[in-house]
Amino acid sequence: MILLRRAERSTRYLFLERSSRAQPVSTCSSDSAASEGAASDEVDSFFRQQNSALARLLHLRGLQHGWRLFGELRRRNVVTWNTMLAAHVHHREIVRARELFDGMPRRDVVSWNTMLLGYSLTGQIENARHLFDRMPERDTFSWNIMISGYGRCGWIIDAVHLFEKMPVKNVVSWNAVVTGLLANGEVDWAMEMWSKMPIRDSATLSTVVSGLARNGMLEAAERHLLKADEGDVDAYNTLVAAFGRVGRVDDARRLFEMIPSGCRDGKGSANGFQRNVVSWNSMIMGYVKAGGIRSARRLFDEMPERDRFSWNTMIAGYVQSQELDEAAALLQQMPEPDERTWNLMISGFARSGDVERAQRCFERMPHRSAISWNTIIAGYERVGEYRAAMSLFSRMLASGVAPDGHTLSSALGACAGLASLRQGAQVHQLVTKRVAVDTPINNALVTMYSRCGSLTDARRTFDSMTTRKDVVSWNAIISGYAQHGHAEEALRLFSRMEEEVRPTHITFISVLHACCHGGLVEEGRQCFDSMARDHGIDPRVEHYAALVDLLGRHGRLEEAMGIVGGMPVPPDRTVWGALLGACRVHRNDELARIAMAALAAVDPAGSAPYVLLCNMHAGVGRWAEAAEVREAMEQQGIRKQAGYSWIELQSGLHVFAAGDKSHPLALEILATADSCSRAIRDETHAGDLPCIQPHSS
DNA sequence: ATAGGGTTAG
C-alpha cells in the first residue's frame with residue numbers, strides 16, 4: 001500500500017493521452033512500457049492464463065488470496081491491474097479500488113470504466129461523474145455505466161440527459177435508460193422511450209416485464225410478455241418471481257407452467273425456450289414467500305438440477321418458517337455451503353434467539369464478509385446482548401472488513417442499549433468517516449443519543465438531517481422527548497409529524513408515554529381516542545397498557561379499571577402490571593388484589609405481583625403479611641430477577657442493583673437519591689415513588 | 001478485465 005501511495009503522488013495530476021492502447025501514466029515506469037512493446041504472443045498468452053487464474057482465485061477465495069498472485073503479476077500487464085480492480089469493485093471495496101486505480105502504472109479505458117462502475121455501485125454517483133468528466137477517452141461502456149448508475153441512484157433526469165447526449169447508442173444504452181425510468185416510477189416515460197427503440201434484444205423484454213412488475217403493474221407486465229411471445233425464458237422467470245414476491249403464488253405457477261419443461265422428451269424448443277434452474281428457483285421462492293414450505297420442498301425435490309440458489313432459497317424457506325432443524329439438515333447435505341448459506345443460518349438462529357448457535361455457524365464459515373459480521377452483530381443486538389454485539393464489532397474492525405451502514409446502525413443500537421455515550425460517539429465518528437449517512441443511519445444516531453441521555457445531540461442530529469425524515473426518524477425523536485419527560489415538546493413534534501408522514505402504532509406508544517410521564521392525562525386520553533378514529537390504527541395491547549398506566553398513575557383508577565374491562569383484546573401482564581403499580585402508588589388494596597390475581601393468572605411464573613404486594617404490605621408496616629407473600633413466592637419457586645442500573649462516567653462504568661451497597665460512594669449516592677425522591681414527592685404529591693428505594697432489601 | 005434484464009443473506 002505504501003508503494004501505491006507513492007505512485008499515486010507522482011501520478012495524480014497526469015492525464016492519459018487519448019489513445020486506444022494503454023499508456024504509461026508516469027515517465028519513470030519506462031521499463032514496463034518497453035516490455036509491453038516487446039511482448040511476444042507467447043508472453044501475452046502466458047499473461048492471459050495468469051490473469052484468468054487470478055480472476056478464478058479472486059472469485060473463489062476472495063481478495064486476500066488474490067493479492068499474492070497479483071503481486072507477482074502487477075508490474076507487467078494492464079489487464080492484471082484491471083482484473084484486480086474489478087475484483088475490488090465486485091467486493092464493493094471502493095476505497096481500496098481507488099487506491100489501486102491511483103497507483104496503477106498505466107490505465108486503459110477499461111480501468112476508468114471499472115472505477116466508474118465502482119462508484120456507481122456504491123452509490124457515489126458524484127465521484128463517478130467527476131471521473132467521467134476527466135476521462136482521457138470514453139467508449140460506449142463508459143456512457144452506459146453512467147446512465148445505469150444515474151438510474152440506480154435515482155438521478156433519472158441526469159440519466160436521460162446523458163443518454164440523449166451520448167454520441168453512439170447501442171441496445172444496452174436503450175435498455176439501461178428504460179430500466180432507469182422504470183426503476184424511478186416513470187412508467188409512461190419509459191414506455192414512450194421503449195416504443196422509440198430502434199433495436200431490441202432479449203434483455204429488452206425482461207427489462208420491461210421486470211420494470212412494470214416492480215411498479216405493481218403485473219397485468220401490464222404479463223400482457224407485454226405474452227404479446228411479444230419471444231419465448232424468452234428469462235422474461236418468463238421475471239414474472240414468475242414477480243408474482244411470487246407479492247404472494248400470488250397461483251399466478252406464478254400458471255406462468256411457470258407456460259414454460260415448456262423440456263426435460264422428459266428432450267424436445268424443449270428450437271430457441272431454447274424451456275425451464276431452466278432459475279425458473280425452478282423463482283417458483284420455489286414464490287412458495288417460500290407464501291409460506292408454502294411443503295410445496296417448495298416438493299419442487300426442490302422434483303427439479304432436474306439444483307444450483308446454490310436452489311439450496312439457499314430452500315434453506316431460507318426453512319429459516320423463515322422457523323424450521324431450523326430442517327434448514328440445518330439441508331446445510332449438511334450441501335457439497336460446499338457458500339457464504340450466503342452460512343449467513344442464512346446465522347440470521348435464522350439469531351432471529352430465533354439462539355445466538356450461541358448463530359455464533360457457532362459464524363465461527364465455522366471460511367470467509368466472512370461484511371454481511372456475515374452484520375448478521376451476527378445485529379443478532380446479538382436484537383436479543384439485547386449489547387456487550388457481545390460491541391465486542392464482535394471490535395473484532396470486525398480489527399479483522400479489516402470495512403463496516404458499512406448496516407454495521408454502524410447495529411453498533412449504534414448496541415451503544416443505545418448500553419447507554420454508552422462514549423462508545424456511541426466513537427461510532428458516530430466512524431459514521432462520518434466511513435459511510436454515506438442515509439436516513440436509517442441518522443435514525444440510529446438519534447436513537448443512540450437519546451437513549452444515552454443526550455437529548456440535545458439527538459435533537460441536533462434530527463434537525464440537521466439532510467436526508468428525508470421518515471416515520472422512524474419522527475418516532476425516534478418523539479420517543480426521546482417522551483423518555484426524558486418532555487411531554488409538551490413530544491406533542492409539538494407529533495403535530496409537526498402529522499403534516500409530513502403517517503404516524504404508526506409505535507408513534508402512539510411514544511406519545512402516550514410522553515403524556516404519562518408529563519402528567520398530560522387529558523391529552524393522552526384524547527390521543528388514544530384519535531388513534532382509531534383519525535388514523536385508522538387499532539390500539540394494541542401495548543397502547544392499552546400505556547393508557548392504563550397514564551390513567552392509573554394519575555389516580556384515575558376506576559377509569560383505568562374500566563378500560564381494562566372493556567378491552568377487545570385480552571389484557572396481558574403489562575396491562576395488569578400497570579394497574580397494579582397504580583394501585584400501589586395510590587394505595588387501593590381492593591383493586592390491587594383483583595389486579596394481582598389477574599396478573600398471576602396471565603403470568604404464573606412472574607414475580608411482579610408478589611414483589612408489588614409484598615412492598616405494599618411492607619410500605620404500611622404489615623410485616624407479617626409481607627413475609628407471608630415472600631414465603632408463598634419461595635414455595636412456588638418464583639424468583640425475582642435482580643434489576644440493574646448502570647451509568648457510564650469519565651471514571652468508568654458504575655453498576656447498581658437494588659439494595660446493593662458495594663459501591664465505594666454508596667452512602668452518598670443513596671442519600672442523594674433519597675433527597676431527590678423527597679423533592680419529587682413534595683413537588684408532585686405522588687404518594688411514595690416506586691422508582692427509588694434505597695431502603696429495599 | 002468494464003455496461004442493460006432473472007432467483008437467495010444483513
Q.
Are A:F101 and A:W81 an aromatic pair, judged by ring center distance below 6.0 Å?
A. no
Q: For nucleotides 2-7 of chain B, just jot down a letter per nucleotide in 5' to 3' order: B, S or -, based on protein non-hydrogen atoms under 4.0 Å.
A: BBBBBB
Q) Got a sec, which residues hit ring-ring contact (aromatic ring centres under 6.0 Å, His included) with A:H224, two or more places apart in sequence or on another chain? A) A:W194
**Q.** Protein-nucleotide distance (A:R382, atom CZ; B:dA9, atom P), rounded to Å
**A.** 14 Å
(Q) What is the distance, to the nearest angstrom, from the OH atom on A:Y318 to the P atom on B:dT8? (A) 18 Å
Q: For A:N77 and B:dA1, give me the distance from atom CG to atom P, rounded to whole Å.
A: 11 Å
Q: Write down the distance between CE (A:M334) and C1' (B:dT8), rounded to a whole number of angstrom.
A: 10 Å
Q: Write down the distance between CE (A:M365) and P (B:dG10), rounded to a whole number of angstrom.
A: 13 Å
Q) When you measure from the centre of the six-membered ring of A:W174, is the NZ or CZ of A:R200 under 6.0 Å away and within 45° of the axis? A) no
Q: Would you please test A:S391 and A:Y380 for side chain to side chain contact (heavy atoms under 4.5 Å, CB included) and show each step?
A: CA-CA 10 Å; A:S391 90; A:Y380 275 110; over 6 Å; no
Q | Rounded interatomic separation in angstrom, taking CG from A:L100 and C1' from B:dA1 | A | 12 Å
Q) In chain order, what residues pass the ring-ring contact (aromatic ring centres under 6.0 Å, His included) check against A:F393, with sequence neighbours excluded? A) none
Q.
Once you measure the plane-to-plane angle for A:F273 and A:Y236, does it fall in the parallel (<30°), tilted (30-60°) or perpendicular (>60°) bin?
A. tilted
Q.
Distance check needed: B:dT8 P versus A:W280 CH2, whole Å only.
A. 18 Å
(Q) Does a side-chain N or O of A:R351 approach OP1 or OP2 of B:dG10 to a distance below 4.0 Å, or not? (A) yes
(Q) Could you tell me how far apart A:N82 (CG) and B:dA1 (C1') are, to the nearest whole angstrom? (A) 5 Å
